[in-house]
Amino acid sequence: MEFTASQIASFIDGQIIGDESTVITGVSPIENGESGHLSFIAQDRFSHFLDTSKCSVIIVSEKLIDKNNYNPTLIVVKDAYLSFQILMNLYQEMQGRKEGIETGSSIHETAVIGDKAYIGAFTYVSEKAKIGEGAQIYPHVYIGKGVKIGKNCKIDSGARIYDYCIIGDNCVIHSNTVVGGDGFGFQPTAEGFKKIPQLGNVIIEDDVEIGSNCSIDRATIGSTIIGKGTKIDNLIQIAHNVKIGQNNVIAAQAGIAGSTTIGDWNQIGGQVGVVGHIKIGNQVKIQAQSGVNSSVSDRETLYGSPAISYNDYLRNYVHFRNFTEIVRRINNLEDTSKDKTNE
């Protein structure tokens, strides 16, 4: 697609410095700009690209403008990063949505498919499943018995949604993620570990996005719950009966053990491990690779394994880095003290 600078500015309420008829046909990162492409600058450390970039049009935050003449055409906005996000979303919407059922898919006669939904080739939709209006189910997806998928969801190739799981509206589930697999429940006996049946399901509320290769286990009884607006990165394990609140973000390779409850608006870094049967409050920040083994109050920031207050960790880490020198000095003091005692 081709757009002029004037058209782009109208989408984001921007002011143009330069030629409003400049045409762009693609986008580039500002460091590798190309003629005919669009990019953006939101931070002062990139402002030198205003004079050196080869991009034809640059969206720029107004605080970075300090003159009236630049080589590329500029679109000046309050927040360039936010405006660029708006443009990307608009462009994605322009790509259109697929509709219809492709050859090679298998849909049980009792399943219900909503209007304007798309079912890709080699997808299997089990009995009594319900797929909402406008949902996009890509090839090689498995949808189990009694599953409910809301409106305008996108389920990418290779995802597996097991029996009786419920997915709200406007959710995205990326490739190879499994929703509703058995929870890790075994009872030790004299003969070995005996499997405990996992009879619950997973409920994913509206506007949730789940990355690729994640495992969200069904509850033993009841439901594993992912709250509205939560965003989950790739390669994440969420165990049975976990309850995650609204608008959380969880980064890659995190693992949350069974029956843990997590509140709203938390930020959980990559490779964080959370033990089972604890409660994490609201607006908590947990730094990458931390291990959380006890309940956490609202608005705490944690670091380390086992995780402690972020500020305490940084203060203690200064001493840890110098631990060998500290031990040497203590030994020297002890030797000096002994010498004086012997005198």
Side-chain angles (χ1 to χ4, degrees), residues 85-86 88-102 105 107-108 110-120 123-181 200-212 214-219 222-234 236 238 242-250 261-266 282:
Q85 286 182 307
I86 292 170
M88 288 191 291
N89 285 320
L90 286 172
Y91 183 76
Q92 187 175 47
E93 291 174 9
M94 291 177 185
Q95 304 308 301
R97 301 168 68 87
K98 293 185 176 183
E99 294 182 16
I101 299 172
E102 290 186 345
S105 59
I107 301 175
H108 195 275
T110 61
V112 177
I113 309 299
D115 293 340
K116 299 182 179 180
Y118 161 68
I119 309 295
T123 284
Y124 185 91
V125 182
S126 302
E127 59 186 286
K128 297 182 180 180
K130 294 182 179 180
I131 297 175
E133 178 182 341
Q136 306 280 288
I137 313 297
Y138 282 82
H140 295 279
V141 169
Y142 171 80
I143 297 174
K145 181 167 61 177
V147 166
K148 296 178 181 179
I149 296 176
K151 298 177 182 179
N152 300 314
C153 288
K154 179 184 177 185
I155 314 294
D156 274 326
S157 299
R160 306 288 187 263
I161 316 298
Y162 286 13
D163 295 354
Y164 301 111
C165 291
I166 299 171
I167 299 173
D169 297 337
N170 307 310
C171 292
V172 177
I173 298 176
H174 290 277
S175 293
N176 301 319
T177 280
V178 176
V179 175
N201 72 343
V202 174
I203 297 174
I204 296 174
E205 297 180 352
D206 297 347
D207 304 310
V208 170
E209 182 157 348
I210 300 170
S212 62
C214 295
S215 294
I216 302 176
D217 294 342
R218 67 194 304 112
S223 300
T224 301
I225 299 174
I226 310 298
K228 181 178 179 179
T230 287
K231 313 300 181 186
I232 295 173
D233 199 357
N234 306 322
I236 285 174
I238 296 174
V242 167
K243 291 178 171 54
I244 296 177
Q246 298 185 6
N247 298 305
N248 293 277
V249 289
I250 305 175
T261 299
I262 296 175
D264 303 330
W265 293 101
N266 298 296
N282 304 308

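Everything quoted here is computed from the prediction, not taken from an experiment.
- Remark: Lys228 pairs with Glu205, Asp206, Asp207, Gln246 by the side-chain contact (heavy atoms from CB on, under 4.5 Å) rule, at least two apart or across chains.
- Counting heavy atoms of neighbouring residues, nucleotides and ligands inside a 6.0 Å radius, atom NZ of Lys148 does not exceed 12 of them.
- A donor-acceptor pair under 3.5 Å links the side-chain atoms of Thr230 to the main chain of Gly245, judged by distance alone.
- For the atom pair CD1 of Ile262 and CG of Asn248, the computed distance is 6.5 Å after rounding to the nearest 0.5 Å.
- Taking all atoms of both residues into account, the shortest heavy-atom contact from Gly168 to Cys153 is O-SG, 2.8 Å.
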Would you list the atom pairs, donor with acceptor, under 3.5 Å between side chains in residues 158-167 and any protein atom, with sequence neighbours excluded?
residue	atom	partner	partner atom	Å
Arg160	NH1	His140	O	2.8
Arg160	NH1	Gly158	O	2.9
Asp163	OD1	Lys145	N	2.8

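- Listed for the Asn152 side chain is no donor-acceptor partner under 3.5 Å among the backbone atoms of Asn170.
- Residues that satisfy the side-chain contact (heavy atoms from CB on, under 4.5 Å) test with Glu99, not counting sequence neighbours, are Lys116.
- Note: Ile113 CD1 to Glu133 CD = 13.0 Å, rounded to the nearest 0.5 Å.
- Looking at heavy atoms from C-beta onward, Ile149 lies in side-chain contact with Ile137 at the 4.5 angstrom threshold.
- Scored by the side-chain contact (heavy atoms from CB on, under 4.5 Å) test, Tyr118 finds Lys98, Glu102, Gln136, Tyr138, Pro139 as partners (sequence neighbours excluded).
- For the atom pair CD1 of Ile210 and OG of Ser215, the computed distance is 11.0 Å after rounding to the nearest 0.5 Å.
- Asn282 is not listed as a side-chain neighbour of Trp265, based on a closest heavy-atom distance of 4.5 Å or more.
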Only pairs under 3.5 Å count here: list side-chain donor-acceptor contacts from residues 171-179, not counting sequence neighbours, and write none if there are none.
residue	atom	partner	partner atom	Å
His174	ND1	Asp156	OD2	3.2
His174	NE2	Glu209	OE2	2.8
Ser175	OG	Ser157	O	2.9
Thr177	OG1	Gly211	O	2.5
Thr177	OG1	Asn213	N	3.3
Thr177	OG1	Cys214	N	3.0

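- The two atoms that bring Ala135 and Ile131 nearest to each other are CB-CG2, 3.6 Å, heavy atoms only.
- Here the OG1-CD1 distance, from Thr261 to Ile244, works out to 10.0 Å after rounding to the nearest 0.5 Å.
- Scored by the side chain to side chain donor-acceptor pair (under 3.5 Å) test, Ser212 finds Asn234 as partners (sequence neighbours excluded).
- Going from atom NZ of Lys128 over to atom OG1 of Thr110 covers 6.5 Å, rounded to the nearest 0.5 Å.
- Looking at heavy atoms from C-beta onward, Ile238 lies out of side-chain contact with Val202 at the 4.5 angstrom threshold.
- The shortest non-hydrogen separation linking Asp217 to Thr224 is O-OG1, 2.7 Å.
- Residues passing the side chain to side chain donor-acceptor pair (under 3.5 Å) test with Ser105: none are found, sequence neighbours excluded.
- In this view, Val249 and Lys231, Gln267 satisfy the side-chain contact (heavy atoms from CB on, under 4.5 Å) rule, not counting sequence neighbours.
- Heavy-atom minimum distance, Ala129 versus Gly144: CB-O, 3.9 Å.
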